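Worksheet for the structure shown next.
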Amino acid sequence: MKMLKLFLVFSLVVTANTQLLAQPEISIAKFAGNRAAAISLTFDDGIQEHFTLVAPHLDRYGLKGTFGINGKFIGDLDDSFAPRMTWEECRKMAANGHEINNHSWSHPNLYYTSPDSIKQEIEKNDSAMMAELGFISRSVLYPFNCYNDTVLAISEKGKIGSRKFQYALGQRNSGCTAESVNQWLNDVVEKGEWGITMTHGIYTAWDQWDEPQILWNFFKKLYEMSDSIWVDTFANVQEYIKERDETKISVHEDKNVFTVTLDCPLDSNLFDIPLTLKIDKLPQSSSVKVIQDGKAIATCKKSGSIIADINPHGGPITIKVSD
């Protein structure tokens, strides 16, 4: 993962009668809420167990997952691979805040598919989603995790992004144990990364679980670590990261009032998730007020920084610092 690059330009205006209260560091947090790491839970193939087993466990802990569906197989309860979710079940999951996304129409290996067929696989699935769910997918999970530059160019058009790396979270094929899952999670947090899990079946389909309690315990641990780990849908985390990396900020200071100007070149119709602005190196006694577009923005302290969620496409941000 590329390190966060922020472009800060400080223009200090100091008169003989002005003494700077502080010289804060103003930047965009690596992850939302200034958390140490991020996790996205993705589930492939629209298996009905995702609705009957996985979603209830996620909902218990307030976690949001990303579920890739193949429109061709939706509602096929007699499918030889595994019973599939119905459109009504997809609607209920979306209403609960889960992401329903594009896993292609019929699950071919897109790496070996012609450009016209790739386009058809993505667009046909999106059309079915629009007709049945009222929206199209914001992201793509590739069948067999296979892609090339042509697949990327076609499938990501008009979307937030697509899954390009993942940690296989299963047992029959991936051999996950409680110890290996915990070690992977600890490594993600220690390195400050975005971890993406990929799960298929529970008792049916590919990579089944002999001990599904390992998976449910993993969900519980993510909930317990929510102060340090941002768990959100694939599209939301991808959106934040792209905004974070593309947004340039400049800071101008005058008498302890800091004006932060943002330049986000991304399409605001597609990329509109708030970014977490963080303010560091202020005295403990300092009071901070943050204003954008004429409205005061709530602030709090997290991991030693003062943070506020700001609109990357909004107007300049005013930060007033006082004792």
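Residue numbers run from 1 in the order of the sequence given. Keep in mind that what you see is a predicted model, and the values were worked out from it rather than measured.
D76 places a side-chain N or O within 3.5 Å of a backbone atom of D79 that can act as its donor or acceptor partner. Using modelled atom types, one side-chain atom of S180 and one backbone atom of T177 make a donor-acceptor pair closer than 3.5 Å. Within the 3.5 Å criterion, the main-chain N or O of H103 finds no donor-acceptor partner in the side chain of H107. N148 places a side-chain N or O within 3.5 Å of a backbone atom of V151 that can act as its donor or acceptor partner. For the pair T261 (side chain) and P316 (backbone), a donor-acceptor distance under 3.5 Å is absent. The backbone N or O of G75 lies less than 3.5 Å from no partner atom in the side chain of T86, so there is not a single donor-acceptor pair. At least one donor-acceptor pair closer than 3.5 Å links the side chain of E243 to the backbone N or O of D272. A side-chain donor-acceptor contact under 3.5 Å links E49 to the backbone of I202. At distances below 3.5 Å, not a single donor-acceptor pair connects side-chain atoms of E25 with backbone N or O atoms of D280. Panel note: side chain N102, backbone S137; no donor-acceptor pair is recorded below 3.5 Å.
Under 3.5 Å, the side chains of T42 and Q166 contain no donor-acceptor pair of N or O atoms. Using modelled atom types, one finds a donor on one side chain and an acceptor on the other under 3.5 Å when comparing S174 with D207. No side-chain N or O of S104 forms a donor-acceptor pair with one of N125 less than 3.5 Å apart. Between the side chains of Q171 and Q208, no donor-acceptor pair of N or O atoms lies under 3.5 Å. A donor-acceptor contact closer than 3.5 angstrom is absent between the side chains of Q120 and D116.
The pair K159-D126 meets the salt-bridge criterion, with a side-chain N (NZ, NE, NH1 or NH2) lying under 4.0 Å from an Asp/Glu carboxylate O. Salt bridge annotation for E246-K242: absent, with no cationic side-chain nitrogen under 4.0 angstrom from a carboxylate oxygen. Between R35 and D227 there is no salt bridge, since no side-chain nitrogen of the basic residue lies less than 4.0 Å from a carboxylate oxygen of the acidic one. Under 4.0 Å is where a charged nitrogen must lie from a carboxylate oxygen, and between R84 and D78 no such pair does. Under a 4.0 Å N-O distance rule, the pair R91/E88 qualifies as a salt bridge.
In this structure, the side chain to side chain contact (heavy atoms under 4.5 Å, CB included) partners of C146, at least two apart in sequence or on a different chain, are N109, Y111, F144. Annotation: ring-ring contact (aromatic ring centres under 6.0 Å, His included) contacts of F219 (sequence neighbours excluded): W216. By the side chain to side chain contact (heavy atoms under 4.5 Å, CB included) test, N217 pairs with Q213, sequence neighbours left out. For S127, there are no side chain to side chain contact (heavy atoms under 4.5 Å, CB included) partners at least two apart in sequence or on another chain. Shown here are the ring-ring contact (aromatic ring centres under 6.0 Å, His included) partners of Y112, two or more places apart in sequence or in another chain: there are none. Checked against side-chain hydrogen bond (donor to acceptor under 3.5 Å, both in side chains), S287 has no partners two or more places apart in sequence or in another chain. Listed by chain and residue number, Y147 satisfy the ring-ring contact (aromatic ring centres under 6.0 Å, His included) test with Y142 (two or more places apart in sequence, or in another chain). Every residue two or more places apart in sequence or in another chain was checked for a side-chain hydrogen bond (donor to acceptor under 3.5 Å, both in side chains) with N96, and none qualifies. Legend: residues meeting ring-ring contact (aromatic ring centres under 6.0 Å, His included) with Y203, ordered by chain and number and at least two apart, are absent. Evaluation of the side-chain hydrogen bond (donor to acceptor under 3.5 Å, both in side chains) rule for T233 yields N236 as partners, not counting sequence neighbours. Not counting sequence neighbours, the partners of I74 by the side chain to side chain contact (heavy atoms under 4.5 Å, CB included) test are I69, W87, C90.
Summarising the local packing, NZ of K164 is surrounded by more than 12 heavy atoms from other residues, nucleotides or ligands at distances under 6.0 Å.
In the hydrophobic clustering of this structure, I310 groups with I279; members are Ile, Leu, Val, Met, Phe, Trp, Tyr whose side-chain heavy atoms approach within less than 4.5 Å, directly or through other members. Under a hydrophobic-cluster definition in which Ile, Leu, Val, Met, Phe, Trp and Tyr are linked whenever side-chain heavy atoms come within less than 4.5 Å, directly or via other members, V251 and I319 are assigned to the same cluster.
Under the side-chain hydrogen bond (donor to acceptor under 3.5 Å, both in side chains) criterion, the residue pairs touching residues 309-319 are T276-D309, with sequence neighbours excluded.
Checked against a 6.0 Å centroid threshold, the rings of F31 and W194 do not count as neighbours.
Considering CD1 of I306 and NZ of K281, their distance stands at 14.5 Å, rounded to 0.5 Å.
Inter-residue side-chain proximity for F51 and F67 is flagged as unmet; no heavy-atom pair is nearer than 4.5 Å. Here the side chains of R163 and D44 are in contact, with some heavy-atom distance below 4.5 Å.
The two residues L270 and R138 make their nearest non-hydrogen contact at O-NH2, 4.3 Å. Residues L53 and H57 approach most closely at O-ND1, 2.9 Å, considering heavy atoms.
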